[in-house]
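Provided herewith is a single structure, encoded as structure tokens, for subsequent inquiry.
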Amino acid sequence: MSVQPAMPKCWRVESKPHKFCPGCGHGLVLKALGQAIDELGIQDKVVFGCDIGCSLLSWDFFNVDTVQTHHGRTTPVITGIKRANSEVTGIAYMGDGGGYAIGAQHLVSAATRNERITAILVNNTQYGMTGGQMAPTTLPGQKTETSPYGRDVNTAGYPTQGPEMVAAITQEGAYVARGTVANVKQLKGFIKKALENQMAGNGFSFVEVLSTCPTNWRTNAEDTWKFVEQEMTKYFKVGEIKVPGPREKEGQ
Amino acid sequence: MPEKPIQGEKRVFMTGNEVVAWAAAAAEADIMYGYPITPQNEIMHYWTRMLPKYGRRFLQTEDELSAGFTTAGGVLAGRRAFTATAGPGNTLMQEPLSMAEAMRLPVVVIVQQRGGPSTATVIYSQQEVTLTTLGGNGEGLRVVYSTATHQELFDYTIKSFNTAWKYRFPTFVLGDGYQAKMRESLTMYDPASRGITMVPTEPYVGMAGMPGVDREPTHLRNTYNVEEELFEVLENYLADYAKAAPEIAEYDAFDTDDAELVVISHGVVSRACKAAVKELREEGYKVGYFRPITLRPLPADQLRDVAGKAKQLLVVESANGQLDRLIKEVIYGNTTEMLSLFKPGVGITTEEVVARVKEIKG
Ligand SMILES: Cc1ncc(C[n+]2csc(CCOP(=O)(O)OP(=O)(O)O)c2C)c(N)n1
Ligand code: SF4
């Protein structure tokens, strides 16, 4: 008899096994999210929005109300829902392209307005669904389909430091963290705090997650983990970046 | 519960943008999402000034993509939500509106047309007809009312919410810069006082009960894996649209039965055409007047009927044939001569229409 690992209660059994590639980090992020929803007992309150990109494959992932939107537009859809019904816990789930490229203006503006929503952004350093093109988060020197000789920072700039940007432009009440699929327990903690922050009505909550894409990285299991744990963390620091509280005064 | 913004009936003299704000209020719209663009700005100005005391809400977004998508969010949450835009904003709005088409979201949009293409003028045109009726990367499954007077701006703004929520197609009120900015008298009313019941709204997400236990979760999407899956969805949508079209289509016409030449126009241009046809009739010209009020769906049967009887159709519009193309499509096969008076981005007077008809008739 084989023992199956426990699925979060809010996962939808009918849509499992899920549609992500084997070894994809999305499944782990959604596991951490599922556990956080279970622990907070908010399955009947959550409205989950997913973007275009591999995140769209989560359109029927949970037994929670879900709307799969357009590339980059999940943040305004969840904002619109939350503004119209403050009872719900709104989650906008997107990739790095969706959040930092095409949807950057929405992320910046939602953060600036301190929208009471939770955005979770999966950083896999490239565009997964369209076949591995360069993303705002592609590391310097990293090869992708549209940076075949490696990302040249002179022409393509440096990778977006998303959480650092969001932390800088949000006011008190915002929660910002960067987690990784290499530490799901810690990630669940960050996501849980991000949801609690929304439920308390404090302000915008944002969690970026360092995630894997073995398909487009063309990596085996060992190299996949090495890339997430060693290469990505050189650039993207894991941890809490901002917790609710008054904004620091100038010069302090 | 705050009192109704309009009790009974009230004769007023105001700008079109003010009329729209009052009409949306009278229609029990809950929330407006918007981004400033001339000539629709004052809809937001009046809404934000008057409506908080009635418990209505507003969000100023970062652009029209966001205004459209947040409005879709408001509708998903079950609110009577709307937005307003023009020109380049209408262009951006087509992306969220295509999602509204895909998910059958009753989003209401007021468009106060300005000149085009691009930023053009902030004043006036009828050049947003193609974009508003057929914009987006789909089949144009939407409803477009083209208003001509402030009274209609009031009536059809209220109606647009009911059409949207009854049939679940995104619905537009197509006004223009003249209507937005000029003052005119009209009668405002509480819809209930005229026996108009507002179609109840309902949420798509965030309902009571535990999803997966007490009820099925909502899983809305606009992405499909295979062609056949999408085809099946669209077949149903198209059948719904075809069934609803004759119920939704509206028009105004007179003197068409014995007319040799029928003048076709929409929006404010139809006011010039109406006066011109009356004047020409008095002078003995056998002319008629036809005006589609819905540009999508068009009153197709009536247009075919008119085209079948008349020898000539004269299409008059402040655009280079955007209405003309729509009409030619529905009367395809008819051999009636098609004539035109097109003035893209410029207003048209009664005198110009009279002169054009006399030029044709010699
Ligand atoms: C307006 C628009 N532009 C482009 C696309 C094509 N597209 C689909 S997914 C995608 C990239 C997604 O990358 P990311 O957001 O990083 O998510 P991932 O797939 O890596 O999870 C793009 C560009 C689209 N669907 N819509
Ligand atoms: S392409 Fe990459 S990100 Fe997308 S499902 Fe596959 S592994 Fe995951």
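Fair warning: this is a prediction, and the values are worked out from it, not measured in the lab. Lettering follows sequence order; numbering is per chain, from 1.
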For this session: Mind ranking A:Val77, A:Ile78, A:Asn85 by heavy-atom pairs under 4.5 Å with chain B and telling me who comes out on top?
Result: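 If we count pairs closer than 4.5 Å to chain B, A:Val77 comes out on top.
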
For this session: Give a yes or no on whether the backbone of B:Ile6 and the side-chain of B:Trp22 come within a donor-acceptor separation of less than 3.5 Å.
Result: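 No; judged by distance alone, with no hydrogens or angles, the pair does not exist.
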
For this session: Give the member of B:Val205, B:Asn225, B:Leu220, B:Asn222 that has the highest number of heavy-atom pairs under 4.5 Å with chain A.
Result: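 Counting heavy-atom pairs under 4.5 Å, the top option is B:Asn222.
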
Exercise. Under a 4.5 Å heavy-atom cut-off, does chain B meet the side chain of A:Thr69, its backbone, both or neither?
Worked result: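 Interface part for A:Thr69: both.
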
For this session: Output the option from A:Gly72, A:Gly80, A:Ala110 having the highest count of non-hydrogen pairs under 4.5 Å with chain B.
Result: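 With the most close heavy-atom pairs to chain B, the winner is A:Gly80.
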
Problem set entry | Most contacts with chain B, counted as non-hydrogen pairs under 4.5 angstrom, among A:Gln105, A:His70, A:Gln43 |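 Answer, by heavy-atom pair count under 4.5 Å with chain B: A:His70.
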
For this session: Select one option (side chain, backbone, both, neither) describing which atoms of A:Val47 are under 4.5 Å from chain B's heavy atoms.
Result: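 For A:Val47, the contact with chain B is made by the side chain alone.
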
For this session: Please examine the side chains of B:Glu42 and B:Glu18, heavy atoms only from C-beta on, and report whether any two atoms are closer than 4.5 Å.
Result: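 Of all side-chain heavy-atom pairs linking B:Glu42 with B:Glu18, none is under 4.5 Å.
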
Exercise. Among B:Gly78, B:Pro211, B:Ser98, which residue forms the greatest number of heavy-atom pairs with chain A at distances under 4.5 Å?
Worked result: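 Most heavy-atom pairs under 4.5 Å with chain A: B:Pro211.
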
Exercise. For A:Arg83, is it the side chain, the backbone, both, or neither that has a heavy atom closer than 4.5 Å to a heavy atom of chain B?
Worked result: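 Both parts, backbone and side chain.
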
Problem set entry | Polar side-chain atom of B:Gln40 near backbone of B:Ile110 as donor-acceptor pair, under 3.5 Å |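 The answer is no, because no donor-acceptor pair under 3.5 Å joins these two groups.
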
For this session: Ignoring hydrogens and angles, tell me if any N or O in the side chain of A:Lys45 forms a donor-acceptor pair with the backbone of B:Gly206 under 3.5 Å.
Result: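 Judged by distance alone, no pair lies under 3.5 Å.
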
Exercise. Under 3.5 Å, side chain of B:Thr83 to main-chain N/O of B:Tyr33, donor-acceptor pair present?
Worked result: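 Indeed, once roles are kept as given, a pair shorter than 3.5 Å links the two residues.
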
For this session: I would like to know whether A:Asp65 and B:Arg215 meet salt bridge (Lys or Arg N to Asp or Glu O under 4.0 Å); could you show each step before the answer?
Result: CA-CA 11 Å; A:Asp65 288 347; B:Arg215 63 173 176 89; 2.9 Å; yes

Exercise. Is it the case that B:Arg104 places NZ or CZ above or below the six-membered ring of B:Phe169, under 6.0 angstrom from the centre and within 45 degrees of the axis?
Worked result: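 Geometry flag: set, cation within 6.0 Å and 45°.
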
Problem set entry | Residues of residues 61-69 of chain B within contact distance of chain A, non-hydrogen under 4.5 Å |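 Interface residues of residues 61-69 of chain B: B:Thr61, B:Glu62, B:Asp63, B:Leu65, B:Ser66, B:Phe69.
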
Exercise. What part of B:Met103 lies closer than 4.5 angstrom to a heavy atom of chain A: side chain, backbone, both or neither?
Worked result: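 Only the side chain of B:Met103 comes within 4.5 Å of chain A.
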
For this session: Indicate yes or no: at least one non-hydrogen side-chain atom of B:Asn162 is less than 4.5 angstrom from one of B:Ile196.
Result: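 Yes, side chains in contact.
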
Problem set entry | Interface moiety of A:Phe62 toward chain B, non-hydrogen atoms closer than 4.5 Å |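 Backbone of A:Phe62 only, per the 4.5 Å heavy-atom cut-off to chain B.
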
For this session: Against chain A, label B:Asp30 side chain, backbone, both or neither, depending on which of its atoms sit under 4.5 Å from a heavy atom there.
Result: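 For B:Asp30, neither part sits under 4.5 Å from chain A.
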
For this session: Tell me, out of A:Arg12, A:Arg73, A:Arg113, A:Glu87, who's got the most heavy-atom pairs with chain B below 4.5 Å.
Result: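 Going by pairs under 4.5 Å, I would pick A:Arg73.
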
Exercise. Would you say B:Asn137 has more than 12 foreign heavy atoms packed within less than 6.0 Å of its CG?
Worked result: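 Atom CG in B:Asn137 is not crowded, with 12 or fewer foreign heavy atoms closer than 6.0 Å.
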
For this session: Test A:Lys82 against A:Glu115 for salt bridge (Lys or Arg N to Asp or Glu O under 4.0 Å), laying out the working first.
Result: CA-CA 9 Å; A:Lys82 182 74 182 188; A:Glu115 292 291 346; over 6 Å; no

For this session: Decide whether a cation-pi geometry holds between A:Lys16 and A:Phe61; the criteria are a distance under 6.0 Å from NZ or CZ to the six-membered ring centre and an angle within 45° of the ring axis.
Result: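 The answer is yes; both the distance and angle limits are met.
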
Exercise. Ignoring hydrogens and geometry, is there a side-chain-to-backbone donor-acceptor pair from A:Tyr127 to A:Gly53 under 3.5 Å?
Worked result: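 Side chain of A:Tyr127 to backbone of A:Gly53, a donor-acceptor pair under 3.5 Å: no, none is there.
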
Exercise. Picking from A:Ala84, A:Gly90, A:Ser109, which has the most non-hydrogen pairs under 4.5 angstrom with chain B?
Worked result: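 Among the listed options, the one with the most contacts to chain B is A:Ala84.
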
Exercise. Is the backbone N or O of A:Asp51 less than 3.5 Å from a side-chain atom of A:Thr74, with the two atoms forming a donor-acceptor pair by type?
Worked result: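 Answer holds: yes.
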
For this session: Answer with side chain, backbone, both or neither: which region of B:Arg221 has an atom nearer than 4.5 Å to a non-hydrogen atom of chain A?
Result: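 For B:Arg221, the contact with chain A is made by backbone and side chain together.
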
Exercise. Between B:Val75, B:Thr223, B:Ile31, B:Leu76, which shows the greatest number of heavy-atom pairs under 4.5 Å with chain A?
Worked result: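 If we count pairs closer than 4.5 Å to chain A, B:Thr223 comes out on top.
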
